[in-house]
Structure formats: C-alpha cells, structure tokens
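Below is one structure; the comments refer to it alone.
The figures that follow rest on heavy atoms only: side chains count, while hydrogens, waters and symmetry mates do not. Labels below follow one simple rule: chain letters A, B, ... track the order of the sequence lines, proteins then strands, and each chain is numbered from 1.
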Amino acid sequence: MFSVGSTLPDAPGRTGTITTPHGQIQTPAFIPVGTKATVKAVLPESLSDLGAQAVLANAYHLYLQPGPDIVDEAGGLAAFMNWPGPTFTDSGGFQVLSLGAGFKKTLAMDAIGVEADDVIAPGKDRLAHVDDDGVTFKSHLDGSRHRFTPEVSMQIQHQIGADIIFAFDELTTLMNSRAYQELSLERTQAWAARCLAEHQRLTIAQPDRPAQALYGVVQGAQHEDLRRKAARDLASLEIDGRRFEGYGLGGAIEKESLGTICRWVNDELPEDAPRHLLGIGEPEDLFEGVEAGCDTFDCVTPTRVARSSRVYSVRGRYNLLVAASRRDFGPICDECDCYTCANYTKAYLHHLFKANEMVAATLCSIHNERFFVRLVDSMRAAITAGEFAELKTEWLGRYLAGRDSRD
RNA sequence: GGCAGGUUGCCCGAGUGGCCAAAGGGAGCUGACUGUAAAUCAGCCGUCAUCGACUUCAGAGGUUCGAAUCCUCUACCUGCCA
C-alpha cells in the first residue's frame with residue numbers, strides 16, 4: 001500500500017505514495033482532522049479545493065454519536081460525510097488521555113521534568129479510567145458508561161470503515177514518571193497485539209468489505225530505549241500472517257525533542273511502511289517530522305485556532321481580531337492561494353468575527369487548512385527537487401522572525 | 001400644570017447607611033490552544049501604583065463617626081392625569 005519516492009540525502013525524510021480503496025495520498029501530506037465526520041466549519045468541496053488528500057475522524061466520538069452502526073449503514077465514513085477521498089480514524093486512544101489524566105487540563109508539551117503520575121487530573125474527576133484490559137469512559141455527552149478494549153476499538157473502526165485505522169493505545173503525559181511510562185508502554189504493546197489479532201479476525205470474517213489498513217502506534221514518551229524497543233516490537237509483530245501496514249507515532253512530545261524522537265522510532269521501523277505522526281503540529285514541528293521521515297500528519301490546530309480568529313501567514317500566526325486588522329483591506333497572507341485570500345479582506349474577516357458571524361470560522365478554517373496542506377506539499381516538492389534544506393531554512397526563517405517580531 | 005417613578009463605571013444593569021472601586025451581562029484588551037468535551041478556556045477591564053493610595057454612583061448643599069444608599073434644591077428622562 002506504500003511506495004517510497006525520493007529520499008533526503010542526509011536525513012530519513014522521503015516522499016511516497018499511500019494507496020487506499022478511496023484513492024492515493026502523496027506524502028508527506030497534512031491530513032485535516034474531522035473528528036465527528038466533519039472538518040469543523042468546512043465543506044468537503046472546500047476541502048478538495050484546498051488540496052486536502054484525506055481526512056482523519058475519531059472512533060470514540062463517532063461511537064457515541066451517531067453510533068458506528070449508522071455510519072456503517074450509510075456506506076462507511078467516506079460516503080456518510082460526502083468525502084470522496086481516503087479517510088483515517090483514530091482509535092479513541094487520545095481520549096484515554098484527554099478524558100483521563102489530561103481531563104480539563106491543557107496537554108502541556110513543555111512541562112517535562114515533573115515526575116508526578118497523578119498531579120494532572122485527580123482520579124475521581126476523570127471521565128476515563130485505564131486498566132490493563134481497556135478503558136472505561138463516562139460519555140462527555142450524557143454521562144453514560146462505556147468500555148473500550150482493543151477489540152472494541154477494532155470493531156468500531158471496522159464498522160466506521162475508514163481506509164486507515166489505528167491501534168488502541170494509551171497516551172501518557174510528559175509529567176508521568178519513568179516507571180509509569182514503562183507500565184503504560186507494556187500495556188500499549190499488549191493492546192497492539194490484541195488489535196492486530198482482532199483486525200485480522202474481522203477482516204477474514206467480512207471478506208466483502210473494502211480493505212482497511214491497521215497502523216500500530218509507537219509510544220515510549222521521551223525515552224530512547226522505550227521508543228526504540230516499542231518500534232522494534234511493533235515492526236516485528238505478526239499474528240496469523242498479518243502485520244501492521246503502517247505506524248503511528250504518538251504521545252505528548254516535548255517540542256524540542258520531536259525530531260530526535262521521530263528519528264529513533266523511524267530508525268527502527270521498516271522503510272516500506274508509512275509513518276503517521278499523530279497530532280502534530282505547528283509549521284516548525286512539521287518540518288522536523290518530515291525531515292525525520294514521517295509521512296503523514298494530522299492536527300486540529302488549523303481549524304481550532306481559526307474559530308477564535310487566529311490565522312497563519314508566511315510571517316507567523318496572528319489574531320485577526322486585534323484592532324490592526326480593522327482597516328486592513330489586504331488578504332490574510334499575501335502569498336496565499338486559498339479561496340479566502342483570493343476573495344476576502346482582513347477587514348471583512350475582522351468584522352465577521354466581531355459580529356460573531358459563522359462564516360468567519362469557515363473562511364479562516366479554509367485558509368488555515370490550505371496553509372498547512374500547502375506547506376507540507378511544498379516540503380514534498382522540495383524533497384523531490386533536492387531543495388528541502390533550503391526550503392526549511394528560508395521558510396522557517398521568515399516564519400519565526402515574523403512571529404517573534406509580533407511579540 | 002398635577003401626581004408618580006427614575007438618573008450607577010464605555011453600554012445595559014444590581015445595589016436602599018459601614019462587609020462598595022461598587023454584583024452580573026455586553027463591549028474592549030491580553031494570553032492559551034498540537035491523534036478536538038474547544039464557534040472554547042484563562043486573565044485584565046476608574047486612576048496612579050509594590051503592599052497601597054487617590055477620585056467616583058446626574059449637579060450642588062445638608063444629616064451622620066460613616067452616604068451610591070437618608071434630607072433639600074437644581075437639571076434632565078419616563079409614565080399616568082389635565
């Protein structure tokens with residue numbers, strides 16, 4: 001399902017092609033997040049127009065609402081949401097953290113060094129509780145209890161029917177102790193084997209359904225030995241003749257060590273399998289990830305931030321709501337080729353945000369998604385052209401300088 | 001012209017003697033957000049300032065140890081009756 005194209009001369013970065021039943025993905029690629037089978041505020045037609053190659057939805061959210069049976073009856077995720085291209089689903093693993101230890105807290109990416117397993121969210125307040133067999137969730141919608149195990153996650157993701165699905169894993173935070181990281185990783189690895197077995201069982205049991213590819217998820221936090229071992233073990237895992245078809249790199253990762261951690265992991269993973277860096281990231285993180293050999297990326301930032309009037313430009317990110325935009329009749333970014341920048345001014349978008357008009361979120365989400373998709377597309381082109389290092393230096397130089405001067 | 005009610009910080013609006021620089025909204029300003037409990041959340045929001053000090057509740061005067069709160073007059077607004 002994956003073929004490598006060009007590679008970087010001095011780093012693991014590469015271009016490639018992922019083939020799915022719903023089409024191909026040219027990598028590296030930025031995959032917009034559509035948690036509940038919609039990229040918030042953006043029509044599928046706009047997503048196509050802005051160059052998105054795939055969408056990533058979430059098994060936990062779709063399980064609670066509308067229910068995987070309904071997605072299944074609709075003909076699967078792609079048909080249900082009217083997105084013709086490839087789709088991914090996350091396993092619900094992220095919610096083990098966001099509704100568990102990270103409950104009501106920011107997922108700090110720079111809080112490393114504090115070793116305290118339980119300081120984050122007190123156990124009694126959490127909506128998710130992990131044990132060795134799985135996770136018990138209290139629905140954030142109605143408080144009802146639900147149980148996810150690796151098998152349940154696979155069953156749900158098979159029903160939802162995305163082209164690429166992820167193994168059910170546990171995320172830790174940067175604040176967890178080494179001891180907890182080890183324990184958690186052991187659990188995640190055991191779950192990976194169970195996911196693979198269940199995935200194989202479901203695939204064989206339902207031969208008429210479109211093939212789905214299962215990615216194993218590498219955890220291990222910031223520890224090199226754990227990361228390498230996790231990657232190695234997943235790469236060698238084979239159950240009933242089945243292996244993972246790709247790999248996800250997961251976990252809360254300290255920004256500064258992102259590239260390093262990706263290299264440890266990708267060093268151990270097979271070259272002919274795609275690697276997805278989960279939940280990353282900002283432009284500077286994407287450069288790190290691509291250079292380190294990751295192929296696909298997803299992140300909520302472009303849409304989440306757009307809804308509160310933050311937009312990206314080649315000279316950094318800024319807030320459209322500040323007074324400076326009130327009488328600025330230029331586009332968000334003068335080098336952008338998106339629909340929004342072609343047709344709308346900052347002053348107009350500023351007005352829409354002030355007036356709390358919905359289309360503001362739509363227009364800015366289109367812009368931000370285009371910005372990220374195009375950025376990673378330009379990295380792909382640069383790898384092919386042998387100009388990645390130049391692009392990184394030049395692009396990031398401008399972006400970071402602009403960002404810093406704004407502060 | 002008569003009777004009644006009202007005038008609070010940028011706006012709306014609570015507050016009827018000390019716990020009031022004054023609740024709560026809104027607006028404004030800052031900041032955060034990385035496999036989305038997120039069209040969300042946090043902070044600031046009279047002035048100067050480090051605790052703290054100073055000037056405020058239409059205006060002027062008064063009562064009181066103490067007034068946004070009580071009294072008098074003035075100005076303006078609203079309702080009902082002429």
*Please check if any side-chain donor atom of A:Q24 sits under 3.5 Å from a side-chain acceptor atom of A:T17, or the reverse.*
no

*Check the distance between B:A37's P and A:L62's CG and give it to me in whole angstrom.*
12 Å

*Could you work out the separation of B:C48 and B:A60 based on their P atoms and round it to a whole Å?*
23 Å

*Could you state the OH-P distance from A:Y318 to B:C29, rounded to the nearest angstrom?*
16 Å

*Please report, rounded to the nearest Å, how far the C1' atom of B:C29 is from the CG atom of A:L320.*
16 Å

*Would you state whether a donor and an acceptor, one from the side chain of A:T303 and one from the base of B:U36, lie under 3.5 Å apart?*
yes

*Which residues in residues 361-377 of chain A have at least one heavy atom lying under 4.0 Å from any atom of RNA chain B?*
none

*Using the C1' atom in both, what is the distance from B:U8 to B:A23, to the nearest Å?*
12 Å

*Using a heavy-atom cut-off of under 4.0 Å over every strand shown, decide if A:S139 touches base, sugar-phosphate, or nothing.*
nothing

*Given side chains that start at C-beta, do those of A:V135 and A:H129 come closer than 4.5 Å, heavy atoms only?*
no

_Distance alone, cut at 3.5 Å: any donor-acceptor contact between the side chains of A:D377 and A:Q26?_
no

_Tell me which nucleotide, if any, is Watson-Crick or G-U wobble paired with B:U34 when both distances must be under 3.5 Å._
none

*Hey, could you give me each pair passing side chain to side chain donor-acceptor pair (under 3.5 Å) that has a residue in residues 31-52 of chain A? Not counting sequence neighbours.*
none

*Name the pairing partner of B:U50, where a pair is Watson-Crick or G-U wobble with both distances under 3.5 Å, or state none.*
none

*asked:* Under 4.0 Å, heavy atoms only, any strand: does A:H276 hit a base, just the sugar-phosphate, or nothing?
replied: nothing

*In whole Å, what separates the C1' atom of B:G31 from that of B:A68?*
35 Å

*Expressed as a whole number of Å, how far does the P atom of B:G79 sit from that of B:U69?*
26 Å

*Give A:V217 one of three labels, base, sugar-phosphate or nothing, depending on what nucleic acid heavy atoms sit under 4.0 Å from its own.*
base

_Whether A:N58 contacts B:U36 is assessed here as follows: a side-chain N or O lying under 4.0 Å from the phosphate OP1 or OP2. Is that the case?_
yes

*Write down the distance separating the P atoms in B:A53 and B:G6, rounded off to the nearest Å.*
35 Å

*Which value, in whole Å, describes the distance between the P atoms of nucleotides B:A32 and B:G15?*
40 Å

*Whichever of A:F166 and A:M358 has its nearest RNA chain B nucleotide further upstream toward 5'*: A:F166

*Any side-chain heavy atom of A:I164 within less than 4.5 Å of one from A:I18?*
yes

*Select base, sugar-phosphate, or nothing to describe what A:S308 touches, counting heavy atoms under 4.0 Å on all strands.*
base

*Choose from B:A39, B:C33, B:C29 the nucleotide whose nearest atom is closest to any side-chain atom of A:R310.*
B:C33

*Pair partner, B:G79 [Watson-Crick or wobble, under 3.5 Å]*: B:C3

*Could you list all the side chain to side chain donor-acceptor pair (under 3.5 Å) pairs where at least one residue sits in residues 274-293 of chain A, not counting sequence neighbours?*
A:K255-A:E284, A:K255-A:D285, A:H276-A:T296, A:H276-A:D298, A:E282-A:Y312, A:E284-A:R403, A:E288-A:K392, A:E291-A:K392

*Given B:A38, B:A37, B:C33, which nucleotide is nearest the side-chain atoms of A:R307?*
B:A38

_Summary of side chain to side chain donor-acceptor pair (under 3.5 Å) pairs that have at least one residue in residues 345-368 of chain A, sequence neighbours excluded_ = A:D328-A:K346

*Residues A:F244, A:Y215; criterion ring-ring contact (aromatic ring centres under 6.0 Å, His included); working and verdict*: CA-CA 5 Å; A:F244 288 118; A:Y215 283 25; 9.0 Å; no

*Does any residue of residues 281-298 of chain A have a heavy atom under 4.0 Å from RNA chain B, and if so, which ones, in number order?*
A:G281, A:E282, A:D285, A:D298

*Which residues, if any, of residues 30-43 of chain A bring a heavy atom under 4.0 Å of RNA chain B?*
A:V33, A:T35, A:K36, A:K40

*B:C41 P sits how many Å from A:H140 NE2, rounded?*
15 Å

_Taking the C1' atom in each of B:C20 and B:A14, what is the distance between them to the nearest angstrom?_
12 Å

*asked:* In this structure, how many angstroms lie between the P atom of B:A38 and the CZ atom of A:F94, rounded?
replied: 11 Å

_Any side-chain donor near an acceptor of the partner, A:R380 and A:T15, under 3.5 Å_ = no

*asked:* Using a 4.0 Å heavy-atom cut-off, does A:D169 contact any base of the nucleic acid, only the sugar-phosphate backbone, or nothing at all?
replied: base

_It should be established whether A:R304 places a side-chain nitrogen or oxygen under 4.0 Å from OP1 or OP2 of nucleotide B:U40._
no

*Is the closest side-chain heavy-atom distance between A:L237 and A:L196 below 4.5 Å?*
yes

*Could you state the atom-to-atom distance from CZ of A:F353 to C1' of B:C29 in whole Å?*
17 Å

*Taking A:Q189 for the side chain and A:V218 for the main chain, is one N or O donor matched with an acceptor at less than 3.5 Å?*
no

_Atom-to-atom span, CD1 of A:I280 to C1' of B:C33 - whole angstrom_ = 13 Å

_P gap between B:U56 and B:U50, integer Å_ = 23 Å

*Given RNA chain B, 5'-ward residue of the pair A:N356 and A:H350, judged by closest heavy atom*: A:H350

*Taking A:S153 for the side chain and A:T149 for the main chain, is one N or O donor matched with an acceptor at less than 3.5 Å?*
no

_Pairing nucleotide - B:U56, Watson-Crick or G-U, each distance under 3.5 Å_ = none

*Should the ring pair A:Y63 and A:F148 be called parallel, tilted or perpendicular, given that the plane angle runs from 0 to 90° and is split at 30 and 60?*
perpendicular

*Is there a side-chain contact between A:F371 and A:P302, using heavy atoms and a 4.5 Å cut-off?*
no

*asked:* Need the pair for B:U63. Rule: Watson-Crick or G-U wobble, both distances under 3.5 Å, any strand; none if unpaired.
replied: none

*Using Watson-Crick or G-U wobble geometry with both distances below 3.5 Å, tell me the partner of B:A27, or none.*
none

*Can you tell me the distance, in whole Å, between the NZ atom of A:K354 and the P atom of B:G26?*
15 Å

*So, for A:Y60 and A:F94, is the gap between ring centers shorter than 6.0 Å?*
no

